[in-house]
K.L.:
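Below is one structure. I have some questions about it.
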Amino acid sequence: MQVIRLLQTTLILLNRKKVTANELAERFQVTPRTVYRDIDALSLAGVPVYSIKGRNGGIFLDESFHVDNTLMEEEQDDLLLALHLLQSIGLADTEELMEKLGSVYDWSNWLSVDLSQEGSVHSETFAKLKHALFNEQEIQFTYYTEYGQTRLIRAAPKRILYKYQTWYLLAYHFSKDAWEVYPLRRVKQVVFGPRLVSPLPPEELDFPKITVKLRFSKRIAYKRYDEFSELVLVDNPDSSFETTMDFAIFDDLYRFLLPLGKNVQILEPQWVKEKVVAYTQSFLENQL
């Protein structure tokens, strides 16, 4: 793909003073003529790249064109992390790009990302939604509600979002004539529909949110310094501490609370506390 080749060429020239057309041609498995066409494309895009023919010639950037090396070094690892995450959840196939950029930058193996469980849940849905979004198509899908009901929904997808530790689909629900946000783990059996022919109303984004006030035992005080470090914490005389947290759906709330056992207490709202108690009681009864 030419865009990737142009990006890699620019990165090579930033890291090396001069390269030959034959070196680039061999690296990219193209002809020298294609390399020179790439140089012309970069020049038209405003990159001050030049070529000199002859024994001591080559392709190089104007000396005044430079990127702060410190910034580049910091952003290289950020870029690698982003590419790994996109690959892991199945949102984009970035393996080839990572391999090509890796031939320019000496990325150490400091990072290992394995989201296979999450990816296996969402990868097929991600792929279909991406196809529908890029092709401006309607979709139909089965949606599983919190109460175990199933609904067949016809909608126009707008974007995929991540908030409150949950992936969402923002889509226009034709029957309701309204924008809806759907947790992706409940979106199944996506089927493509016809292309969208009329503009959609202005989007309205309203995330579901469960706000709870919690008290944590001093036995898990270590969490103050990792996952709770960004929260506003209130200390109690008995060394317990309290905070307010937001969750997207009850499934996420259950997954957070249950492993903490007796080290966490729901203070408010009362209706959330009652629902969590009912959930845990039904779980225990099912084990007897």
K.L.:
Hydrophobic clusters here meaning ILVMFWY residues chained together by side-chain heavy-atom distances under 4.5 Å, can you tell me if I210 and L267 are in one?
P.N.:
no
K.L.:
Quick one: are the ring centres of Y279 and F250 less than 6.0 Å apart?
P.N.:
no
K.L.:
Are F126 and F134 linked, directly or through other ILVMFWY residues, by side chains that come within less than 4.5 angstrom of each other?
P.N.:
yes
K.L.:
Does the side chain of D246 come under 3.5 Å of the side chain of T211 through a donor N or O and an acceptor N or O?
P.N.:
yes
K.L.:
Got a salt bridge between R33 and D38, using NZ or NE/NH1/NH2 to carboxylate O under 4.0 Å?
P.N.:
no
K.L.:
Specify the closest pair of heavy atoms between M245 and L231, including all atoms of both residues, with the distance to one decimal.
P.N.:
CG-CD1, 3.9 Å
K.L.:
Between Q137 (side chain only) and G193 (backbone N and O only), is there a donor and an acceptor less than 3.5 Å apart?
P.N.:
yes
K.L.:
Looking at V30, is its backbone amide N or carbonyl O close enough to the side chain of T34 to form a donor-acceptor pair, meaning the two atoms are under 3.5 Å apart?
P.N.:
no
K.L.:
Inspect the surroundings of CZ in R151 and state if more than 12 heavy atoms from other residues, nucleotides or ligands are less than 6.0 Å away.
P.N.:
no
K.L.:
Just wondering, do F174 and I153 contact through their side chains at under 4.5 Å, heavy atoms?
P.N.:
no
K.L.:
Same cluster or not: are L169 and V191 linked, directly or through other Ile, Leu, Val, Met, Phe, Trp or Tyr residues, by side-chain heavy atoms under 4.5 angstrom apart?
P.N.:
no
K.L.:
Are there over 12 heavy-atom neighbours, none belonging to F283, within less than 6.0 Å of that residue's CZ?
P.N.:
no
K.L.:
Does R215 qualify as a cation-pi partner of F241, given the criterion of NZ or CZ under 6.0 Å from the six-membered ring centre and within 45 degrees of its axis?
P.N.:
no
K.L.:
Set out, in order, the CA-CA distance, both residues' side-chain angles and the distance that settles side chain to side chain contact (heavy atoms under 4.5 Å, CB included) for L257 and L214, then state yes or no.
P.N.:
CA-CA 10 Å; L257 292 179; L214 303 169; 4.1 Å; yes
K.L.:
Should K218 and D235 count as an ion pair when the cut-off is N to O under 4.0 Å?
P.N.:
no
K.L.:
What's the shortest heavy-atom distance between K128 and F192, and which atoms?
P.N.:
O-CE2, 3.2 Å
K.L.:
How far apart are the closest heavy atoms of F141 and K188, and which atoms are they?
P.N.:
CB-O, 3.5 Å
K.L.:
Determine whether a donor-acceptor pair (N or O, by modelled atom type, separation under 3.5 Å) exists between the side chain of N135 and the backbone of H131.
P.N.:
yes
K.L.:
Working note: H173 + R154, criterion side chain to side chain contact (heavy atoms under 4.5 Å, CB included); need CA distance, chi angles, decisive distance, verdict.
P.N.:
CA-CA 6 Å; H173 192 305; R154 174 177 161 262; over 6 Å; no
K.L.:
Please report the closest heavy-atom contact between P157 and A171, naming both atoms and the distance.
P.N.:
CA-CB, 3.9 Å
K.L.:
How many angstroms lie between CG in D238 and OG in S217, if you round to the nearest 0.5 Å?
P.N.:
8.0 Å
K.L.:
So that I can tick it off, tell me whether D40 and R37 are bridged by a salt bridge, with the cut-off set at under 4.0 angstrom between side-chain N and carboxylate O.
P.N.:
no
K.L.:
Hey, are the side chains of W179 and L200 touching, using non-hydrogen atoms and a 4.5 Å cut-off?
P.N.:
yes
K.L.:
Side chains of V212 and P269: does their closest heavy-atom pair fall under 4.5 Å?
P.N.:
yes
K.L.:
With no hydrogens and no angle check, is any side-chain donor or acceptor of K18 less than 3.5 Å from a backbone partner on I59?
P.N.:
no
K.L.:
Could you tell me if N22 and T20 have a donor-acceptor pair between their side chains, going purely by distance under 3.5 Å?
P.N.:
no
K.L.:
Verify the cluster assignment for V277 and L260: are they in a single hydrophobic cluster under the rule of side-chain heavy atoms below 4.5 Å apart?
P.N.:
no
K.L.:
Hydrophobic clusters here meaning ILVMFWY residues chained together by side-chain heavy-atom distances under 4.5 Å, can you tell me if W271 and V276 are in one?
P.N.:
yes
K.L.:
Going from CD1 on I160 to CG on L170, what distance comes out if it is rounded to the nearest 0.5 angstrom?
P.N.:
10.5 Å
K.L.:
Do Y143 and P183 have side chains that get closer than 4.5 Å, going by heavy atoms?
P.N.:
yes
K.L.:
Quick check on the 6.0 Å ring-centre criterion: do Y168 and Y182 meet it?
P.N.:
no
K.L.:
To the nearest 0.5 Å, what is the distance between CD on E136 and NZ on K158?
P.N.:
9.0 Å
K.L.:
Any donor-acceptor pair under 3.5 Å linking the side chain of Q265 with the backbone of K262?
P.N.:
no
K.L.:
For atom CD of E26, decide whether the heavy atoms of other residues, nucleotides or ligands shown that lie under 6.0 angstrom number more than 12.
P.N.:
no
K.L.:
Would you say E23 and R27 make side-chain contact, with heavy atoms under 4.5 Å?
P.N.:
no
K.L.:
Could you tell me whether E180 and K176 make a salt bridge, using a distance below 4.0 angstrom between a side-chain N and a carboxylate O?
P.N.:
yes
K.L.:
I'd like to know if the side chain of T243 and the backbone of V232 have a donor-acceptor N/O pair within less than 3.5 Å.
P.N.:
yes
K.L.:
Minimum heavy-atom separation for T142 to Q189, with atom names?
P.N.:
OG1-OE1, 2.8 Å
K.L.:
Would you mind checking if R195 and E138 are paired as a salt bridge, meaning a charged N to carboxylate O distance below 4.0 Å?
P.N.:
no
K.L.:
Under the criterion side chain to side chain contact (heavy atoms under 4.5 Å, CB included), I'd like the reasoning laid out for E242 against L233: C-alpha separation, chi angles, the key distance, then a yes or no.
P.N.:
CA-CA 6 Å; E242 300 173 8; L233 305 177; over 6 Å; no
K.L.:
Where does the angle between the aromatic ring planes of F216 and F256 fall among parallel (under 30°), tilted (30 to 60°) and perpendicular (over 60°)?
P.N.:
perpendicular
